[in-house]
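This report concerns only the one structure given below.
Just follow the structure's listing: the first ligand is 1, and inside any ligand the first atom is 1.
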Amino acid sequence: MVSYDESCNKRQRLLVVANRLPVSAKRTGENSWSLEMSPGGLISGLLGVAAEFETKWVGWPGVDVYDVVGKNALSKSLADMKCIPVFLEEVFDQYYNGYCNGILWPILHHMGLPQEDHNDTNKTYQTQYDAYKKANRKFLDVIIENYEEGDIVWIHDYHLLFLPQYLKEYNNKIKIGWFLHSPFPSSEVFKTLPSRSELLRSVLTADLLGFHTYDFASHFVRTCTRILGVEGTHEGIVDHGKVTRVAVFPIGIDPNRFLKACELPEVRQQMTELKQRFAGKKVILGVDRLDMIKGIPQKFLGFEKFLEENMDWRDKVVLVQIAVPTRNNVPEYQKLKSQVHGLAGRINGRFGSVSSLPIHHLDCSVDFNFLCALYAIADVMLVTSLRDGMNLVSYEFIACQEAKKGVLVLSEFAGAAQSLGAGAILVNPWDVTEVSSAIKEALNMSAEERDERHRLNFQYVKTHSAKKWGDDFISELHDTFSVSDMKIKKIPLELPQQDVIQRYSKSNNRLIILGFFGTLTEPMKNQNEELDLKLNPELKRTLKALCSDPKTTVVVLSRSGKNILDKIFGEYNIWLAAENGMFLRDTIGEWVTNIPENMDLDWVDGTKNVFKYFTARTPRSFFEASETSLVWNFENADVEFGRAQARDLLQYLWAGPISNASVDVVRGNHSVEVHAVGETKGVAVGRILEEIVRKKSMTTPVDYVFCSGYFLEKDEDIYTFFKPEVVSSKLSHETRSKSSTSNHSIKKKKHLSSNVLDLEKGNYFSVAIGQAHTKARYVVDSSHDVMDLLHKLAVADTTTATTSDSFSETEDYQTRNANADWKPWINYVKIRELAVGDTEPVDI
Ligand SMILES: O=P(O)(O)OC[C@H]1O[C@H](O[C@H]2O[C@H](CO)[C@@H](O)[C@H](O)[C@H]2O)[C@H](O)[C@@H](O)[C@@H]1O
Ligand SMILES: O=c1ccn([C@@H]2O[C@H](COP(=O)(O)OP(=O)(O)O)[C@@H](O)[C@H]2O)c(=O)[nH]1
């Protein structure tokens with residue numbers, strides 16, 4: 001597949017932005033440079049993608065250049081290879097050696113945050129962080145110079161966490177994908193990082209975030225929800241209505257490149273030489289950058305144990321370790337080098353002889369053809385990463401083993417373990433005994449078993465190539481955009497106020513459904529204000545007028561509990577639905593319990609205990625409990641302390657009482673609420689209507705519905721409830737209710753004497769408040785707009801309205817009498833389609 005930009009029939013332009021360019025430069029003269037391929041799996045993976053697109057690479061060329069002549073000459077050489085250099089100059093050391101590889105890398109690999117060197121005030125967390133930001137800005141500048149409208153920008157890795165934000169600030173329309181090649185750690189580790197929130201917030205400005213495994217992706221989502229308090233959904237992360245898609249794209253290699261190389265005469269010759277060199281011995285191969293995450297010391301210790309315990313193998317096996325130099329200026333890497341040398345010396349000293357050494361350790365990179373020859377002649381590949389994003393070396397080994405069918409021993413902590421686990425022997429690299437046993441098992445494995453294991457892995461490596469990885473990512477990024485475009489196109493229908501009022505005036509039986517919080521409450525002046533659940537005083541008279549109109553039924557449908565709604569709405573003739581419809585009452589009647597049967601409430605006691613524990617330890621906090629929801633409130637406590645406690649409280653809850661429960665957790669500014677999921681507002685509304693119709697003995701069908709609120713995404717089904725296709729799909733849906741001993745309960749009414757809903761599409765107004773993405777047909781900016789409209793409805797001239805309280809004979813309601821037996825109210829619904837010629841979009 002070659003990607004085209006459909007608008008102009010050109011190949012899609014792709015800017016691949018990574019810290020490292022695919023080639024690294026070496027200076028050969030004042031204005032001459034030589035270029036060679038950069039090491040590392042990121043480059044190997046990306047090379048397999050580039051051909052699909054009109055690709056340009058943006059990145060660091062592997063050297064510092066300060067003079068203009070040198071920079072120009074290098075830029076020119078790189079341009080031939082479609083590479084654009086970012087010169088990092090004075091920020092390079094603190095950015096790359098410091099923040100990227102001294103701080104972020106160990107955090108991402110679960111190795112913890114290294115201590116700051118307090119004697120070196122020139123290189124602190126802060127100075128390195130500042131350099132990191134400056135470096136990200138340098139990348140930004142180069143992208144801006146080279147960006148053309150419609151380009152996709154694909155950012156890679158932890159070096160460029162601020163780039164998505166900087167780019168979106170520059171141009172919000174740029175399509176940005178970001179992929180993390182390393183693992184993402186658990187939130188417990190990530191939260192030790194100073195500036196963790198800024199970094200996460202910036203990444204979330206991208207449109208699509210990719211990870212190698214579900215494990216890493218779910219760590220990321222969890223970390224965002226815990227640190228930023230955003231919502232993790234099946235689509236990704238939702239923050240103030242903006243969705244950042246999070247998905248999994250395991251990288252692969254270009255298998256044909258390796259298959260072809262193994263056929264080259266030069267490689268065949270090298271294979272012959274290597275076989276002669278190691279004649280009579282089995283070869284175990286290790287190929288890693290000399291990095292702590294690769295577990296080279298653990299590999300050597302496992303091998304040492306194997307030699308200790310298997311005397312008969314001592315002269316018959318050799319471990320060839322290619323340790324590719326990397327990040328030489330980071331102190332931890334320097335220490336690792338001497339540690340590895342020490343271990344190799346010790347083992348060779350213990351088990352070697354004048355004529356043979358068990359470990360052949362090379363501190364260098366090798367050229368591609370020689371690497372393929374090594375892969376091809378090895379009997380066992382030993383990968384002992386302590387944590388690794390993917391580990392492409394494992395894939396490359398498989399690709400080169402068509403003839404030999406050697407065994408892959410693979411750390412369970414490498415991303416590759418999830419893909420190659422079926423054919424590999426998986427090990428915990430920290431367990432030297434296990435590594436030693438795996439070596440023994442691999443060396444002794446029968447030809448049939450090797451064959452079968454290799455077949456499984458080869459099949460995977462062949463089909464899950466780097467090309468597929470790139471295609472999948474870019475196509476998902478395209479989809480992400482078209483979905484959000486669609487969502488945006490659906491939104492901007494402005495509420496036609498005049499129409500809302502006129503139709504209200506002309507209708508006979510109106511239903512107004514309103515949310516409470518954010519709809520009828522006083523607008524908050526700022527986000528940190530105490531959550532004050534009071535009715536907006538400006539609404540009092542309006543509400544009174546609407547509620548006392550016999551042709552209007554007003555329902556307040558809220559997440560709040562009975563007590564709050566009673567306190568606030570007790571004086572109105574209104575219907576109240578507390579806890580999302582679990583409890584109902586009209587204000588002249590009693591509360592009725594409306595809890596669905598089989599609702600999971602097992603979590604309540606455990607959650608109550610956790611709430612008690614934190615209430616006792618957070619002065620002036622308190623909690624409220626009802627049958628289906630619990631709220632811990634710290635509005636009177638020290639806010640900072642309360643928020644810290646809330647985070648801990650949630651961790652306890654997620655780990656225990658609510659880990660498998662069907663609950664919603666709502667983190668307020670000063671509260672944590674846990675509710676039984678039970679039903680959404682859309683589902684609840686059906687049962688609420690049934691009760692209203694019964695209680696009011698309604699004979700006139702409802703012919704006008706106005707429904708507005710500031711609802712959670714999951715509750716937005718309330719807006720689609722009255723859509724004809726939704727209603728008809730519910731025709732056979734039985735409503736369920738459960739009696740409560742203390743409260744009067746809803747009874748299923750056997751004989752609803754008439755149709756209860758006669759709603760033209762034009763008479764249905766679903767109105768979301770200030771939400772960017774919504775299922776509602778209309779959007780208003782704020783609750784003020786709803787209030788304004790309610791005022792107008794309250795004084796609307798109703799003289800034009802017909803007063804008939806029964807159906808017109810001309811209408812097609814034959815089913816009315818046919819359905820005289822009880823059925824849920826919804827069975828009687830009739831929706832009239834828009835009149836011919838009315839082309840108003842009806843999709844909400
Ligand atoms: O550029 P360097 O600092 O020399 O480091 C080399 C690369 O190391 C990391 O590679 C990762 O990417 C591989 C492909 O996705 C993956 O298989 C491996 O597990 C990772 O360690 C790093 O993430 C890259 O940015 C570096 O270029
Ligand atoms: O001397 C060498 C040995 C290996 N590699 C390549 O380095 C990459 C290592 O990728 P991997 O995903 O295993 O780990 P990373 O080094 O990226 O963490 C593989 O593509 C190897 O072919 C290399 O460039 N030079």
Original post:
Quick one: does ligand 2 sit under 4.0 Å from the side chain of Val287, the backbone, both or neither, non-hydrogen atoms only?
Top reply: side chain

Subject >> Which segment of Asn391 sits under 4.0 Å of ligand 1 when only heavy atoms are counted >> reply: backbone

Subject >> Numbered atoms and elements of ligand 2 in range of Asn391, under 4.0 angstrom, heavy atoms >> reply: 12 (O), 13 (O)

Subject >> Numbered atoms of ligand 2 (with element) below 4.0 Å of Arg289, judged on heavy atoms >> reply: 15 (P), 16 (O), 18 (O)

**OP:** Report, as yes or no, whether the 6.0 Å neighbourhood of atom NZ on Lys138 holds more than 12 heavy atoms from other residues, nucleotides or ligands.
**Re:** yes

**OP:** Check each heavy atom of Lys294 against ligand 2 and say whether those closer than 4.0 Å belong to the side chain, the backbone, both or neither.
**Re:** side chain

Original post:
Below 4.5 Å, heavy atoms only, C-beta onward: do Val393 and Met381 meet side chain to side chain?
Top reply: yes

**OP:** Would you mind running through ligand 1 and noting each atom that sits below 4.0 Å from a heavy atom of Asp157?
**Re:** 22 (C), 23 (O), 24 (C), 25 (O)

**OP:** Please name the pair of heavy atoms, one in Leu113 and one in Pro194, separated by the smallest distance, quoted to 0.1 Å.
**Re:** CD2-CD, 3.9 Å

Subject >> Distance filter under 4.0 Å to Asp388 heavy atoms, resulting ligand 1 atoms >> reply: 18 (C), 19 (O), 21 (O)

**OP:** Would you check whether Tyr395 reaches within less than 4.0 Å of ligand 1, judged by its heavy atoms?
**Re:** no

Subject >> Atoms of ligand 1, numbered as shown, that sit under 4.0 Å from any heavy atom of His159 >> reply: 25 (O)

Original post:
Is a side-chain donor-acceptor pair under 3.5 Å present for Tyr333 with Asp291?
Top reply: yes

Subject >> Pair His212 + Phe179: ring centers closer than 6.0 Å >> reply: yes

Original post:
Hey, does Tyr96 come in under 3.5 Å of ligand 1, counting only N/O atoms on both sides?
Top reply: yes

**OP:** Please check if the distance between the ring centroids of Tyr96 and Phe92 is under 6.0 Å.
**Re:** yes

Subject >> Nearest option to atom 7 (C) of ligand 1, as decided by whichever heavy atom of Met390, Arg20, Arg327 sits closest >> reply: Arg327

**OP:** Please lay out, stage by stage, how Asn122 and Gln94 fare under the test side-chain hydrogen bond (donor to acceptor under 3.5 Å, both in side chains).
**Re:** CA-CA 10 Å; Asn122 294 323; Gln94 299 232 15; over 6 Å; no

Original post:
Does atom NZ of Lys168 have more than 12 heavy-atom neighbours from other groups under 6.0 Å away?
Top reply: yes

**OP:** Taking all non-hydrogen atoms of both residues into account, name the closest pair between Asp388 and Lys294 and its distance.
**Re:** OD2-NZ, 3.0 Å

Subject >> Which segment of Leu371 sits under 4.0 Å of ligand 2 when only heavy atoms are counted >> reply: side chain

Original post:
In a check of side-chain hydrogen bond (donor to acceptor under 3.5 Å, both in side chains) between Asp379 and each of Gln401, Lys281, Lys404, which one passes?
Top reply: Lys404

**OP:** Output the list of atoms in ligand 1 that are nearer than 4.0 Å to some heavy atom of His212, sorted by atom number.
**Re:** 15 (O)

Original post:
Numbering the atoms of ligand 1 from 1, which are under 4.0 Å from a heavy atom of Thr326?
Top reply: 4 (O)

Original post:
Among Leu374, Val383, Val324, which residue places a heavy atom closest to atom 3 (C) of ligand 2?
Top reply: Val324

**OP:** Tell me which part of Glu396 gets within contact of ligand 2: side chain, backbone, both or neither, using heavy atoms under 4.0 Å.
**Re:** side chain

Subject >> Minimum-distance pair of heavy atoms, taken over all atoms of Cys372 and Phe258 >> reply: SG-CD2, 3.7 Å

Original post:
N/O of Ile293 under 3.5 Å from N/O of ligand 2, yes or no?
Top reply: no

Subject >> Polar side chain donor-acceptor pair, Tyr395 to Asp254, under 3.5 angstrom >> reply: no

Original post:
What part of Trp60 sits under 4.0 Å from ligand 1 if we count only heavy atoms: the side chain, the backbone, both or neither?
Top reply: neither

**OP:** Would you check whether His156 reaches within less than 4.0 Å of ligand 1, judged by its heavy atoms?
**Re:** no

**OP:** Please could you name the atoms of ligand 1 that Gly389 approaches to less than 4.0 Å, counting only its heavy atoms?
**Re:** 19 (O)

Original post:
Nearest heavy-atom pair of Leu104 and Leu161: which atoms, and what distance?
Top reply: CD1-CD1, 4.1 Å

Original post:
Are any of the N or O atoms of His181 closer than 3.5 Å to those of ligand 1?
Top reply: yes

Original post:
With only distance considered, is Asn101 within less than 3.5 Å of ligand 1 through an N or O on each side?
Top reply: no

